[in-house]
Engineer: 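Could you have a look at this structure, given as structure tokens, before my questions?
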Protein chains: 2
Amino acid sequence: MTGHDNLWMRPERPARGPRPSFSRAALAEAAIRIADAEGLEAISMRRLAADLGAGTMSLYRYVTGKDEVFDLMIDTAVGEYLPEDRRPPDDWAEGLRLLAWQARRTMLRHPWLAPLAAGRPQAGPNSARLTESALGMLDGIGLSVDEMLTLVGAVFAYVHGYIQSELAEAEAMRRLGLTLAQRLARHLSYIQSLIATGNYPMLERMTKEAGREYTAADDRFAYGLDRLLDGIAAGLPPRGETEGPVSPR
Amino acid sequence: MTGHDNLWMRPERPARGPRPSFSRAALAEAAIRIADAEGLEAISMRRLAADLGAGTMSLYRYVTGKDEVFDLMIDTAVGEYLPEDRRPPDDWAEGLRLLAWQARRTMLRHPWLAPLAAGRPQAGPNSARLTESALGMLDGIGLSVDEMLTLVGAVFAYVHGYIQSELAEAEAMRRLGLTLAQRLARHLSYIQSLIATGNYPMLERMTKEAGREYTAADDRFAYGLDRLLDGIAAGLPPRGETEGPVSPR
DNA sequence: GGTAAAGTGAGTACGGCGTACTCAGTTTTT
DNA sequence: AAAAACTGAGTACGCCGTACTCACTTTACC
């Protein structure tokens, strides 16, 4: 036990011995490439090692197990939330909105990210930069740190939840049949049988009226995000005062 | 191919042949019992069959594969969102709030539910009842069906996202060390090393100021939910008019 | 009441997985 | 020169999902 049981505390280069033949970043990149192309399930230690041109068990010199591979992937991808060149807007709500949209774009580009990140707390360097950035946006508007964390947590909860449902929908369509029509027909016949009982008036309306005005996934995402930010803003203390009507506790 | 490739359309009792020795409901219950006690990973076809006192391959008479086991579990658990005895409140926001709280309570009782349900669209009978109920709450306030779906989707996105992060936190604490102190120390030493660079002023404040006022997970959940519902309400068309300032498109 | 359908537990098998362990050999720092 | 830490290769264990067969029992229909 060297005392470094945390991935991010462990030095990447050993004190002595030969130079490792690839880097953590390369490992993360290779894993991300596989997951992007073939899904999360395609990642195995054997496959990853093969892609890196390494022996399977050599990976365990870089990483204590598969979980740390996932940690590396997550933190690398989370880095894409934050473009380094642009400074965040002055308005906190604008800043969080921008962050949310960048997060969504990243999670759509890496469909494995949202489901994977949802299940584990994040502690890597890019996650730290993200937290730093988000909290920085809220600095100076009269909130305590605890309140800031509650507020940011609410926004990210929505973002993660929305994107996961968006991805699940897309994934189901991609997997079963190719066409939307096929997929609907599959479930619709069951829903029709429910409607026939007469106990589902709203579902009946749904089958008849839904889809009249097509709402893009972008717009649905924007709707919830903007309502949430509106509601938060309405509850914040007005400028100069320390207590608002509904501040995040 | 009998034509019933949908689990819910397939008759539970065969037209001929002996009575199956257990029911779909019993299968779902057994799986839920395992997952509640030992986590989702503890569920395997072999284990599930053993618990049911059945041969492993006999399960495939009830279900086409493990995925359908999950579908059964999800739909059974989702049934707990909706207590049958109580009628929903007249106010739509009150109704959705209540539903959200019931969903959260159920997902905390079954920690495997949120991660599992997030990844797949739901099409079972209880999911249908849930959709029916949620849409019914929004009936008569001047929204189209598409708008209702967008609105409900936003609320559930938040609920799912929040609970998953809540569960991830709890899980990480349960798994690593038992105490909160241990877990914090593990990551804190890394965060301290970041702070030492001077580039993370907000993280520095966080380590010093966070936790002054303890915010219960319940309160944080309520905060985001209530802000979201507030924001939605503020955007809805006022009574009697058909166009509001920000209606869900 | 016979027949066909659909259930049953048991067993075998295949290919994949994470990961623990060994080994002989090489590279780098002290 | 010595020690540390890397390397690919190989072996092994115990899980997993699920496909397939077998001899059998139970039930519904004609």
Side-chain angles (χ1 to χ4, degrees), chain A residues 1-5 7 9-27 30-31 34-35 38-73 112 116 119-120 175, chain B residues 1-5 7 9-27 30-31 34-35 38-73 112 116 119-120 175:
Chain A
M1 171 74 73
T2 59
H4 294 136
D5 38 13
L7 164 64
M9 289 293 284
R10 234 158 35 222
E12 179 153 12
R13 278 291 308 274
R16 261 185 296 197
R19 180 177 283 97
S21 44
F22 50 91
S23 66
R24 268 181 205 167
L27 196 160
I34 295 173
E38 304 171 47
L40 201 54
E41 333 73 52
I43 292 191
S44 73
M45 299 304 268
R46 289 168 170 87
R47 167 67 192 278
L48 184 53
D51 275 28
L52 284 164
T56 302
M57 296 318 290
S58 299
L59 293 189
Y60 288 87
R61 301 293 156 117
Y62 296 82
V63 127
T64 62
K66 203 186 187 186
D67 261 15
E68 285 194 351
V69 173
F70 289 151
D71 287 339
L72 283 174
M73 293 172 66
W112 46 269
L116 189 57
R120 54 188 69 217
R175 206 175 39 188
Chain B
M1 172 75 71
T2 58
H4 295 134
D5 38 14
L7 164 63
M9 288 294 285
R10 237 160 32 223
E12 178 153 14
R13 278 292 308 272
R16 260 184 298 197
R19 180 177 283 97
S21 43
F22 50 92
S23 66
R24 269 181 204 166
L27 196 161
I34 295 174
E38 303 170 47
L40 201 54
E41 334 74 52
I43 292 190
S44 72
M45 299 304 267
R46 289 168 170 87
R47 167 67 190 278
L48 183 54
D51 275 29
L52 284 164
T56 303
M57 296 318 289
S58 300
L59 294 190
Y60 289 87
R61 302 292 156 114
Y62 296 82
V63 127
T64 62
K66 203 186 187 186
D67 261 14
E68 284 195 352
V69 173
F70 290 150
D71 287 339
L72 283 173
M73 293 172 67
W112 46 269
L116 190 57
R120 54 187 69 218
R175 205 175 39 188

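Just so we're on the same page: letters track the sequence lines, and every chain starts at 1. Below, each value reflects all heavy atoms present in this structure, side chains not excepted, and no hydrogens, waters or symmetry copies.
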Engineer: Quick check for you: to the nearest 0.5 Å, what is the distance between Glu41(B) atom CD and Ile34(B) atom CD1?
Structural biologist: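 Answer rounded to 0.5 Å: 12.0 Å.
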
Engineer: With heavy atoms under 4.0 Å as the rule, sort Ser44(B) into base, sugar-phosphate or nothing.
Structural biologist: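 Here Ser44(B) touches the backbone only, sparing every base.
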
Engineer: Distance check: side-chain N/O of Tyr60(A) vs OP1/OP2 of dC6(D), anything under 4.0 Å?
Structural biologist: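 Indeed not, no polar side-chain atom of Tyr60(A) lies that close.
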
Engineer: Tell me the interatomic distance from Met45(A), atom CE, to dA20(C), atom P, rounded to whole angstroms.
Structural biologist: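 Going from CE in Met45(A) over to P in dA20(C) covers 10 Å.
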
Engineer: May I ask you to evaluate whether Tyr62(A) reaches the phosphate of dT7(D), defined as a side-chain N or O under 4.0 Å from OP1 or OP2?
Structural biologist: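 Checking Tyr62(A) against dT7(D): at least one side-chain N or O falls below 4.0 Å of OP1 or OP2.
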
Engineer: Rounding to an integer number of Å, can you tell me how far Glu12(A) CD sits from dA5(D) P?
Structural biologist: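 Going from CD in Glu12(A) over to P in dA5(D) covers 16 Å.
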
Engineer: What distance separates Met73(A) CE from Glu68(A) CD, expressed to the nearest 0.5 Å?
Structural biologist: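 Separation between the atoms: 14.0 Å.
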
Engineer: Tell me: CZ of Phe22(A) to C1' of dA5(D), nearest whole Å?
Structural biologist: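 To the nearest whole Å, that distance equals 14 Å.
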
Engineer: Could you give the CZ-to-P distance, from Arg10(B) to dA6(C), as a whole number of Å?
Structural biologist: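 Those two atoms, CZ and P, are 13 Å apart.
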
Engineer: Do you know the tightest heavy-atom contact between Ala35(A) and Trp112(A)?
Structural biologist: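 Between these two residues, the closest heavy atoms are CB-CD1, 3.4 Å.
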
Engineer: Starting at atom CD of Glu38(B), determine the distance to atom P of dC16(D), rounded to an integer number of angstrom.
Structural biologist: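 Going from CD in Glu38(B) over to P in dC16(D) covers 11 Å.
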
Engineer: Drop me the distance from Leu52(B)'s CG to Arg47(B)'s CZ, to the nearest 0.5 angstrom.
Structural biologist: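 Result: 10.5 Å between the selected atoms.
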
Engineer: How many angstroms lie between atom CG of Leu48(B) and atom CZ of Arg46(B), to the nearest 0.5 angstrom?
Structural biologist: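 Here the interatomic distance stands at 12.5 Å.
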
Engineer: Rounded off to whole Å, could you give me the CD-to-P distance for the Glu41(B) and dG17(D) pair?
Structural biologist: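 Distance, rounded to whole Å: 12 Å.
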
Engineer: Which whole-number value in Å describes the distance from Met57(A) CE to dG10(D) C1'?
Structural biologist: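 These atoms are roughly 11 Å apart.
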
Engineer: Choose from dG7(C), dG18(C), dG17(D) the nucleotide whose nearest atom is closest to any side-chain atom of Arg46(B).
Structural biologist: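 For the Arg46(B) side chain, the nearest candidate turns out to be dG17(D).
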
Engineer: What contact category does Leu59(A) fall into here, base, sugar-phosphate, or nothing, at under 4.0 angstrom with non-hydrogen atoms?
Structural biologist: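 No contact.
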
Engineer: Heavy atoms from C-beta onward define the side chain here; which of dT8(C), dT7(D), dG9(C) lies closest to that of Ser21(B)?
Structural biologist: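 In terms of side-chain proximity for Ser21(B), the closest of dT8(C), dT7(D), dG9(C) is dT8(C).
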
Engineer: Tell me the interatomic distance from Arg61(B), atom CZ, to dC20(D), atom P, rounded to whole angstroms.
Structural biologist: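 Checked: the CZ to P distance equals 12 Å.
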
